[in-house]
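Atoms considered below: every heavy atom in the structure, side chains included; atoms not considered: hydrogens, waters and symmetry mates. So you know, we letter chains A, B, ... as the sequences are listed, proteins then strands, and number each from 1.
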There are 2 protein chains.
Amino acid sequence: MKATINDVAKLAGVSIKTVSRVINNETSVRQLTREKVQQAVDELKYQPNLSARNLAGTKSYSIAYIYDNPNAYYIIDMQEGILSACKQQGFELLIHPCDSKSQGVTEEVVNMVKQARIAGLILTPPLSEMPEFVQSMVDLDVKVVRIMSGDVAPDDLSPCVMVNDRDAAQTITQHLIDLGHTNIAFIAGDAEHMSTIERYKGYRRALKASNIAFNKDLVIEGEYSFDSGVSGAKQLMVEQSNKHVRPTAIFSCNDEIAAGALFAARLMNISIPEQLSIVGFENSPFSRQTWPKLTTADQPNNQIAEDAANLLISQIRKQKNPITISQYVPKLIVRDSTAKC
Amino acid sequence: MKATINDVAKLAGVSIKTVSRVINNETSVRQLTREKVQQAVDELKYQPNLSARNLAGTKSYSIAYIYDNPNAYYIIDMQEGILSACKQQGFELLIHPCDSKSQGVTEEVVNMVKQARIAGLILTPPLSEMPEFVQSMVDLDVKVVRIMSGDVAPDDLSPCVMVNDRDAAQTITQHLIDLGHTNIAFIAGDAEHMSTIERYKGYRRALKASNIAFNKDLVIEGEYSFDSGVSGAKQLMVEQSNKHVRPTAIFSCNDEIAAGALFAARLMNISIPEQLSIVGFENSPFSRQTWPKLTTADQPNNQIAEDAANLLISQIRKQKNPITISQYVPKLIVRDSTAKC
DNA sequence: TTAATAATTGACAGCGCTGTCATTTTTTTA
DNA sequence: TAAAAAAATGACAGCGCTGTCAATTATTAA
């Protein structure tokens with residue numbers, strides 16, 4: 001059956017404690033011994049038993065991904081990325097969906113963490129953007145890593161993996177400007193999401209950099225939904241037209257909104273991209289299912305998640321690697337929904 | 001700190017073995033004793049330590065959800081349902097995404113199952129519909145529950161939770177017939193998915209039941225994608241029109257296809273539902289984001305998953321409850337994409 | 001060279017639980 | 001009523017590992 005630490009010890013001719021030291025990468029093991037043990041480990045394809053470790057040690061080898069599902073695609077990507085880091089590092093992943101708006105989330109998660117002896121947590125928006133919630137988690141005896149929108153961490157409650165929506169949004173807007181557009185509208189996502197705010201900042205910054213006057217009539221408040229895209233685009237293309245500032249391009253805060261805008265344009269007999277350019281954000285499967293396909297920004301969620309998990313695990317292991325706060329800038333993907341003005 | 005079995009034993013005035021018997025619902029415990037122990041358990045809010053159980057016992061308290069992601073929404077729903085059953089029953093869930101088309105899936109999953117000492121597996125399409133794969137899983141020493149499309153299990157390899165797509169499809173088609181449609185087209189999903197086959201059967205059966213002649217020109221082979229809906233609808237509404245059998249309604253095998261069909265209709269200036277009725281299937285978030293909103297069929301994925309997990313766990317516990325093969329029939333949801341002919 | 005110090009290694013208990021088997025208590029049978 | 005059988009309970013080892021601390025070996029200082 002499966003090899004245990006005893007088998008390895010016997011094969012290597014050392015005590016189990018020494019094997020334990022080697023697999024835990026502790027100091028005070030002679031190089032020669034270490035190699036002998038490692039060889040035995042490899043030969044037997046030994047993998048430590050998680051239950052035994054959890055039971056015997058004070059350390060835990062479980063991390064949890066706590067999330068309030070904003071978007072199924074996103075969550076699935078995150079899970080896969082985290083999982084792949086866990087597999088490599090011999091950690092176990094517990095997933096814990098919850099409702100960030102419910103009264104008792106914090107308590108619920110606190111209980112869960114205590115109950116399951118969890119060593120660390122990964123948090124994504126919207127949970128990662130709720131300061132009191134994050135604080136509560138940090139107050140427990142668990143490590144936390146947050147994935148959030150921005151260029152630098154907003155505080156030092158925990159290490160963060162940052163997604164620089166601002167720069168990406170600037171690049172996207174610049175893409176539109178490069179195509180000759182000057183009347184560029186912006187349909188926002190939920191105002192309380194940092195990503196919305198950041199993307200908006202990037203949009204503004206791009207305009208400014210090219211000396212294009214900002215026109216607040218071209219900014220529509222919305223939410224991250226298809227409907228919001230539909231109504232936003234209608235408002236822009238119909239109502240605004242009275243004021244003679246019909247935009248020639250729309251920056252949609254995500255792909256869902258963009259899909260809605262695309263749909264609205266079709267309703268109004270506006271051809272895309274000839275008469276109107278539309279860009280999305282996120283590169284969701286959505287964006288390849290529209291017609292024309294959306295120009296958008298891609299963020300490597302899988303990799304972001306893996307990164308976050310690795311960061312978390314190295315924290316748990318107290319590896320004093322200079323906690324490199326990683327930052328990802330979503331990349332522009334030009335497809336068929338944008339064209340020269 | 002957390003209460004252990006020792007604390008409970010002390011409080012109840014019995015040995016830890018007796019506590020163990022009570023929490024494992026074993027026989028040979030006097031009613032009175034059982035109550036005393038139960039009371040102590042409640043008082044201390046005792047919950048057995050999973051690691052200790054896994055380590056000490058021959059039993060395992062871990063189940064795994066193995067899936068090849070056909071659809072993020074579906075997976076997320078499944079996970080939540082399974083999780084809620086696990087929580088109630090004191091089980092732990094491991095999730096394991098994989099690629100059903102890759103050469104080594106079976107081996108990979110086999111290793112994972114052995115490695116993690118897993119007691120049971122939950123399988124969903126497409127994995128649940130791959131006989132050799134299922135066989136391999138059953139050959140391991142794990143219990144399996146499959147969720148699949150159909151009315152009865154295709155074999156007795158494992159208990160199944162069936163989703164009766166056929167009856168649901170018949171109901172949907174009947175809905176169209178009731179609205180006066182007789183030229184009802186069908187855009188199929190991937191041919192190798194049982195759901196496609198079942199839905200097609202339901203469609204045919206409804207036609208037959210109402211003595212409507214079947215016209216094979218109205219059946220389009222496709223796949224579960226938006227694009228397939230677009231091209232399918234175009235083909236039906238343009239090409240077929242030459243033969244003067246333009247359909248007045250389209251049964252799309254899922255919501256994505258329906259969204260595509262909706263989109264194509266818009267392109268062709270066909271108004272929905274006035275000139276053409278379109279139905280979907282699955283009640284995905286998609287279906288509420290289209291305009292008009294899709295008439296579709298809803299399956300309670302959350303509950304199906306919970307049911308499957310409970311079935312699996314009772315199997316693991318060898319509770320000889322007459323393994324009730326549950327069957328769900330998706331329910332028709334009438335929204336705005338269908339109207340009188 | 002030897003004693004003192006540091007580095008390396010191992011013996012052993014114990015984490016919280018279950019499985020085995022012996023012991024005690026209760027019930028049944030003669 | 002006593003003996004036999006059955007039911008209920010407990011003592012104890014051990015699952016695979018880590019933590020503690022003692023024992024051994026290597027290294028350095030004197």
Check whether any side-chain nitrogen or oxygen of [X] sits under 4.0 Å from OP1 or OP2 of [N], and answer yes or no.
| X | N | value |
| --- | --- | --- |
| Y61(A) | dG16(D) | no |
| R30(B) | dA8(D) | no |
| T4(B) | dG16(C) | no |
| R53(A) | dC17(D) | no |
| K59(A) | dG19(D) | yes |

[X] has a side chain; which of [options] sits nearest to it?
| X | options | value |
| --- | --- | --- |
| L55(B) | dT9(D), dC15(D), dT18(C) | dC15(D) |
| T33(A) | dG16(D), dT9(C), dT9(D) | dT9(C) |
| S15(A) | dG16(C), dG10(C), dC21(C) | dG10(C) |
| A52(A) | dC17(C), dG16(C), dC17(D) | dC17(D) |
| I5(A) | dG10(D), dC17(C), dG16(D) | dG16(D) |
| K17(A) | dA8(D), dC17(C), dT20(D) | dT20(D) |
| A56(A) | dC15(C), dG10(D), dT8(C) | dC15(C) |

What is the distance, rounded to the nearest whole Å, between atom [atom1] of [X] and atom [atom2] of [N]?
| X | N | atom1 | atom2 | result |
| --- | --- | --- | --- | --- |
| L50(B) | dC17(C) | CG | C1' | 11 Å |
| I23(B) | dC17(C) | CD1 | P | 7 Å |
| I16(B) | dC15(C) | CD1 | C1' | 12 Å |
| L32(B) | dT26(C) | CG | P | 11 Å |
| D7(A) | dC17(D) | CG | P | 9 Å |
| N49(A) | dG16(C) | CG | P | 16 Å |
| K10(A) | dG16(D) | NZ | P | 11 Å |
| L44(B) | dC17(C) | CG | P | 12 Å |

message = Is a donor from one side chain sitting under 3.5 angstrom from an acceptor on the other, for R117(B) and S60(B)?
response =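 The answer is no; no qualifying pair exists.
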ask   = Are more than 12 heavy atoms from other residues, nucleotides or ligands located less than 6.0 Å from atom CD of Q39(A)?
value =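 Counting other residues, nucleotides and ligands, CD of Q39(A) stays at 12 neighbours or fewer.
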Taking every non-hydrogen atom, the tightest pair across [X] and [Y]:
| X | Y | result |
| --- | --- | --- |
| Y74(B) | P125(B) | OH-CD, 3.9 Å |
| L83(B) | L93(B) | CD1-CD2, 3.5 Å |
| R146(B) | S128(B) | CD-O, 3.5 Å |

Quick one: label [X] by what it contacts on the DNA or RNA (base, sugar-phosphate, nothing), any heavy atom closer than 4.0 Å.
| X | answer |
| --- | --- |
| N54(A) | nothing |
| T18(A) | sugar-phosphate |
| T58(A) | sugar-phosphate |

ask   = Less than 3.5 Å between a donor and an acceptor, one on the side chain of R21(A) and one on the base of dG19(D), is that the case here?
value =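 By the distance-only test, no, there is no pair.
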message = Whether the side chain of N54(B) engages the backbone of Y61(B) through a donor-acceptor N/O pair (distance < 3.5 Å, no angle test) should be reported.
response =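 The answer is yes, because a donor-acceptor pair under 3.5 Å joins these two groups.
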task = Identify, between S20(A) and V14(B), the residue whose nearest nucleotide on DNA chain D lies closer to the 5' end.
result =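 Checking each residue's closest nucleotide, the 5'-ward one belongs to V14(B).
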